[in-house]
Amino acid sequence: MKYNIQLQIYEGPLDLLYDLISKHKIDIKDISIIEITKQYLHYLEMLDKMDLEITSEFITMASKLLEIKSKYLLYMQRDEEEDPRLELMEKLEEYKKYKLASQDIRENISYINEVFYRNKEEIIIDDKIDLEEISIEAIKNILPYILKVKSSEEESEKDERLTKIVRGRIISVEEKITYIRDVIKNKEEVKFTNIIENCDKDEIIATFLSILELIKSKEIIVVQDLFFDDILIKKSSE
Amino acid sequence: MKREEIKYIIESVMFAYGEPISIKELNYIVNEELSSKEIEFMLNSLIDEYKDNNRGIQIIKLENKYQMCTNKDYADYIKKVLEPKKKKTLSQATLETLTIIAYKQPITKVEIENIRGVKCDKVLQTLLENDLIIEAGRLNKIGKPIIYRTTDEFLKLLNIEKLEYLPPIEKYQDIEVK
Amino acid sequence: MKREEIKYIIESVMFAYGEPISIKELNYIVNEELSSKEIEFMLNSLIDEYKDNNRGIQIIKLENKYQMCTNKDYADYIKKVLEPKKKKTLSQATLETLTIIAYKQPITKVEIENIRGVKCDKVLQTLLENDLIIEAGRLNKIGKPIIYRTTDEFLKLLNIEKLEYLPPIEKYQDIEVK
């Protein structure tokens, strides 16, 4: 049984580094590269354990940190070279400014309009409509453009969060229900292992949930002879 | 509440609402404890102020409702500003409006205008004349706004039997129709 | 043309146009033979007249443009007739990107990504769709990268008149990380 660990999701490697620095009150101007590298890698490991995909940006930063760390150890012994931490420290300083500024901006945003405006009059160049221009095809073409104006707003933010957590294709149970219905339409029965062939873990979970749904709606019945035996899915005779 | 304030509340409401509005409705919005007579008095004083100074904004009376509009003496200037940069044909504007009505019906003019970002009086007129939409009643709120629906004529034009046969909206991830 | 008349032509034009408009555009519409200074003077006298009387209609300034809107003191009354448009809450990523563009504009995608250390395509899309930024041309270098700027909509979101009213970015330089 896995515990539900709340793992903070970061916007990117700099966001993560920034947070580590602030949590441990490390001075950006004299960053402890050994400590920060250790903690950074530790976080990536946790992500891995949670089965969250780690994006290439995080990995690039990890290798960069290791590189800086090894250069730094050499730098400590000699003294004439440029501090290898410099570039990273500058980047973090720069990122910090905008991160802090964005917090101020967030506080100053007025989320509800207290002021109202007027819509402009629409001026049109001709006086006739051409009914031939109105067709399903034409509607399909303008649909994304028109309705986006209003409603994409709430949606896109939700999307963003989801992709951050899942970072991959989102498989809906509905999709899988349709798929299973299709499969059993033509066959009397089908094995669970057959319908999850080539599926990744998320898809298998979605498939399993959709089977539970279909049992509930009495569209299918399932048979399993022994524990851990293959599950046989049959069309319900009702 | 001071009298001047009432006058300017009326001004702000008429500006933002844009549609014809009755004394009774203004009364409800401003302060129900005042009498209609009092609201009418303040509204008339606003109307006179606009008229006497030949201001850019005027208020006209239509039946028993009032609406804010521009002063017709300045029409030539306004035509200059409304000259659009990107010109739309009536057919394009019609198709846009019709699509919004088709998916969001029943819907009022104000709602359509908020989606399109422009006033739609003319386009709605054209759609009504061509029997592509009908006035399907009125909402029981201020202004008693007319609600619009598409007609069978519209379905015929598209060669479909039911509204459900319109292209599904879920396909476009970003769209949410309530 | 009398001075009062110019003022009221401006009033009618701004009412009909609805969107932000510049002095230069007003100058062109009202009378090209007048100087911009003169137009600006009349516009300011109109703005003061609205403000001093706390009228229902006000004119706000956004960078070098002006727009007619309602007085926020009367918002509660208007809300009885109209739904206020709720602004979207921005995610941290969106907000960070917007902040970087606000301070460093004009700026390209690559420059933003260098500061944030992550890809920003999706976030930029969201900002564009919400009219908070615009594509303001392309840099004349390899790949002709698009440059981004914030919009009037961004100023309205923050309730500020100009970008200069943002706190100076140096302010954040020396803040100890909490």
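Looking only at distances, a side-chain donor or acceptor of C:Glu113 sits under 3.5 Å from a matching main-chain atom of C:Cys120. Listed for the C:Asn140 side chain is no donor-acceptor partner under 3.5 Å among the backbone atoms of C:Lys144. Judged by distance alone, with hydrogens and angles left aside, the side-chain atoms of C:Glu129 form no donor-acceptor pair with the main-chain N or O of C:Thr126 at under 3.5 Å. Side-chain atoms of B:Glu96 never come within 3.5 Å of backbone atoms of B:Ala93 as a donor-acceptor pair (strictly under, hydrogens ignored).
Neither the backbone nor the side chain of C:Leu26 comes within less than 4.5 Å of any heavy atom in chain B. Contact of B:Leu46 with chain C is made through the side chain alone, with heavy-atom distances under 4.5 Å. Contacts between B:Val110 and chain C at a heavy-atom distance below 4.5 Å involve the side chain alone, from C-beta outward. C:Leu82 touches chain B through its side chain: at least one heavy atom from C-beta onward sits under 4.5 Å away, while N, CA, C and O do not. Both the backbone and the side chain of B:Met68 have a heavy atom closer than 4.5 Å to some heavy atom of chain C. Contacts of B:Asn53 with chain C are made by both backbone and side-chain atoms, with heavy-atom separations under 4.5 Å.
Ranked by heavy-atom pairs under 4.5 Å with chain C, the first of B:Asn54, B:Ile9, B:Ile78, B:Thr70 is B:Ile9. The candidate from C:Cys69, C:Gly18, C:Ala75 with the greatest count of non-hydrogen atom pairs under 4.5 Å with chain B is C:Cys69. Note: B:Arg55 leads B:Glu11, B:Lys119, B:Arg55, B:Lys80 in heavy-atom pairs under 4.5 Å with chain C. For chain C, the option among B:Val30, B:Asn71, B:Asp76 with the highest count of heavy-atom pairs below 4.5 Å is B:Val30. Each of C:Val13, C:Ile21, C:Ile29 has some count of heavy-atom pairs under 4.5 Å with chain B, and the biggest count is that of C:Ile29. No other option in B:Asp73, B:Ile57, B:Ile142 has as many heavy-atom pairs under 4.5 Å with chain C as B:Ile57.
Taking each heavy atom of B:Gly143 and B:Arg138 in turn, the nearest pair found is O-NH1, 4.4 Å.
The neighbour count for C:Glu33 CD, taken as heavy atoms of other residues, nucleotides or ligands under 6.0 Å away, does not exceed 12.
Defined by atom type and a distance below 3.5 Å, a donor-acceptor pair is missing between the side-chain atoms of B:Asp131 and B:Thr151.
Of the listed residues (B:Ile146, B:Asn114, B:Asp121), just one forms a side chain to side chain contact (heavy atoms under 4.5 Å, CB included) with B:Lys109, and that residue is B:Asp121.
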